[in-house]
Amino acid sequence: MKNCREITRLLSESQERELSLKERTSLKLHLAICSGCRNFSKQMGSLRSITRAYTRGAPERTGDNNKSGK
Amino acid sequence: MSDNATPDAATAPAPLSDERFLQELRQQMHRFASLQLNDPQSAEDAVQEALVGALRNLRTFDGRSALKTWVFAILKNKIADQLRQRKRFVDADQLLNADREGHDHDELFDRHGHWLKEERPAHWEDPESAIHEKHFWRVFESCLDYLPARQAQLFMMREFIELESHEICAAAEISVSNLNVTLHRARLRLRECLENNWFQREE
């Protein structure tokens, strides 16, 4: 049974390569019982989309129009 | 028989004549360089030199990603040159960062490798809307700055430049497992920083 450190390592690696069936199975087992790693898992996706938005100029677009207070 | 290396139309590097692609590439290079050099002027110089170098040594590229890899390899060398010139400052910096790096995991997991209670990742409320907030990007940049130099460099090669693992390993001369360990640490660190300074501010 993998611990949280190993599971987060797998989740990080899944951003670089496709995980094996065995790896995916141990992920599933762990995520079913661990909310911390479940959140971490979602955050890997968020981190990527945030970074993509950053390199595609999202920060500049927040400065352009001054829509403070929505 | 001609020994002139004249690129013919079929093998000319098409991506270099694509205005929009170049523009985007330039932007990415600039971000990459500024974050690593911490100085917009030196960053601009490095980007210029790398692009000039790329244009001067035109050769056949197998598509855009090959060109990107190559241009960034040049940029990386330019950045390394600049960092070497101000070695004294960098050394002091890296000492601090290396220290931080050493403690990475101890702070997050207990000795069985399970999350420490206070370090356990929380639920992020609406991460999609953060990207529209100006202040969020300041937090994001501070968090990137806070990463140890090596982690930041490899993370940016992967996530900013969007290079594949094998390309990064070749450019940075490291093993895949070394890269994986470093990216893992960078992501742990970055998500923690974003959580503490943005997603869980109201605690």
Side-chain angles (χ1 to χ4, degrees), chain A, chain B residues 24 27-28 30-32 105 108-117 119-124 126-128 130-138 140-141 143-144 155-156 158-166 168 176-177 179-188 190-192 194-195 198-199:
Chain A
M1 191 81 181
K2 288 186 185 299
N3 63 30
C4 302
R5 186 202 313 237
E6 293 162 331
I7 289 297
T8 57
R9 162 86 190 259
L10 268 189
L11 287 168
S12 173
E13 276 190 50
S14 73
Q15 302 283 299
E16 274 73 62
R17 65 174 175 91
E18 194 152 338
L19 300 180
S20 69
L21 182 62
K22 197 175 156 211
E23 288 167 328
R24 290 201 304 270
T25 310
S26 61
L27 261 189
K28 251 185 219 156
L29 285 174
H30 183 98
L31 293 186
I33 55 160
C34 178
S35 67
C37 288
R38 269 204 304 279
N39 286 329
F40 183 90
S41 173
K42 277 185 225 139
Q43 289 161 13
M44 288 301 95
S46 303
L47 201 52
R48 176 151 285 172
S49 40
I50 287 167
T51 315
R52 292 283 144 92
Y54 182 74
T55 56
R56 281 158 183 65
E60 281 75 17
R61 285 195 292 276
T62 62
D64 288 346
N65 40 359
N66 205 9
K67 41 176 177 179
S68 52
K70 303 225 160 109
Chain B
E24 268 183 35
Q27 240 179 30
Q28 290 185 342
H30 191 81
R31 271 180 216 294
F32 182 67
H105 283 320
L108 301 176
F109 301 103
D110 67 18
R111 64 201 165 85
H112 304 294
H114 296 295
W115 291 108
L116 289 171
K117 200 171 170 221
E119 300 293 350
R120 197 179 297 145
H123 173 69
W124 286 5
D126 201 10
E128 288 77 22
I131 67 168
H132 304 298
E133 308 255 0
K134 203 170 183 174
H135 183 60
F136 172 75
W137 293 115
R138 280 202 290 273
F140 181 72
E141 286 180 346
C143 287
L144 276 175
F155 179 79
M156 283 190 268
R158 176 71 186 115
E159 300 293 348
F160 285 38
I161 320 305
E162 298 173 37
L163 296 179
E164 300 297 329
S165 289
H166 65 92
I168 301 173
V176 179
S177 78
L179 174 68
N180 287 341
V181 168
T182 309
L183 287 177
H184 179 211
R185 290 186 176 169
R187 287 172 177 140
L188 281 167
L190 203 50
R191 69 121 238 116
E192 181 196 26
L194 290 176
E195 182 162 308
W198 183 266
F199 290 105

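As the structure is a computational prediction, the values presented were derived from the model and not from experiment. Just the heavy atoms: all of them, side chains too, but no hydrogens, waters or symmetry mates, feed the values below. So you know, we letter chains A, B, ... as the sequences are listed, proteins then strands, and number each from 1.
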Quiz item: Which class fits the ring pair H184(B) and F40(A): parallel under 30°, tilted 30 to 60°, perpendicular over 60°?
Solution: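 If you compare the ring of H184(B) with that of F40(A), the planes turn out perpendicular.
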Quiz prompt | Proximity breakdown for T8(A) and chain B, heavy-atom pairs closer than 4.5 Å | solution = both
Exercise. Tell me, for C34(A) versus chain B, whether the close heavy atoms (under 4.5 Å) come from the side chain, the backbone, both or neither.
Key: side chain
Practice problem: Sort out for me which residue in R191(B), H123(B), R187(B) forms a side-chain hydrogen bond (donor to acceptor under 3.5 Å, both in side chains) with Q43(A). | Solution: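 Only one option passes, and that is R191(B).
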In Å, rounded to the nearest 0.5 Å, how long is the span from [atom1] of [X] to [atom2] of [Y]?
| X | Y | atom1 | atom2 | result |
| --- | --- | --- | --- | --- |
| T51(A) | L190(B) | OG1 | CG | 6.5 Å |
| T62(A) | H132(B) | OG1 | NE2 | 10.0 Å |
| C4(A) | H112(B) | SG | NE2 | 12.0 Å |

Exercise. Start with the C-alpha gap between N3(A) and F109(B), add the side-chain angles, then the distance that decides, and say whether side chain to side chain contact (heavy atoms under 4.5 Å, CB included) holds.
Key: CA-CA 10 Å; N3(A) 63 30; F109(B) 301 103; over 6 Å; no
Quiz item: Step by step, would you call L47(A) with L194(B) a side chain to side chain contact (heavy atoms under 4.5 Å, CB included)?
Solution: CA-CA 9 Å; L47(A) 201 52; L194(B) 290 176; 3.7 Å; yes
Quiz item: What part of E159(B) lies closer than 4.5 angstrom to a heavy atom of chain A: side chain, backbone, both or neither?
Solution: both
Quiz item: For F32(B), is it the side chain, the backbone, both, or neither that has a heavy atom closer than 4.5 Å to a heavy atom of chain A?
Solution: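 Contact with chain A involves no heavy atom of F32(B) at all.
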Quiz item: Under 3.5 Å, is there a donor-acceptor pair linking the side chains of E141(B) and Y54(A)?
Solution: yes
Self-check item: Distance-minimising heavy-atom pair for A53(A) and I131(B)
Solution: CB-CD1, 4.0 Å
Practice problem: Can you see which heavy atom on W115(B) is nearest to which on G36(A), and at what distance? | Solution: NE1-C, 3.9 Å
Quiz item: So, N180(B) side chain and E13(A) main chain: donor-acceptor pair closer than 3.5 Å or not?
Solution: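 Here the side-chain-to-backbone pair does not exist.
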Self-check item: Partner chain A: residue of R120(B), Q28(B), H114(B) with the largest heavy-atom pair count (under 4.5 Å)
Solution: H114(B)
Exercise. Flag the one option from R17(A), M44(A), Q15(A) with the top tally of heavy-atom pairs under 4.5 Å to chain B.
Key: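 Looking at each of R17(A), M44(A), Q15(A) in turn, Q15(A) comes out on top.
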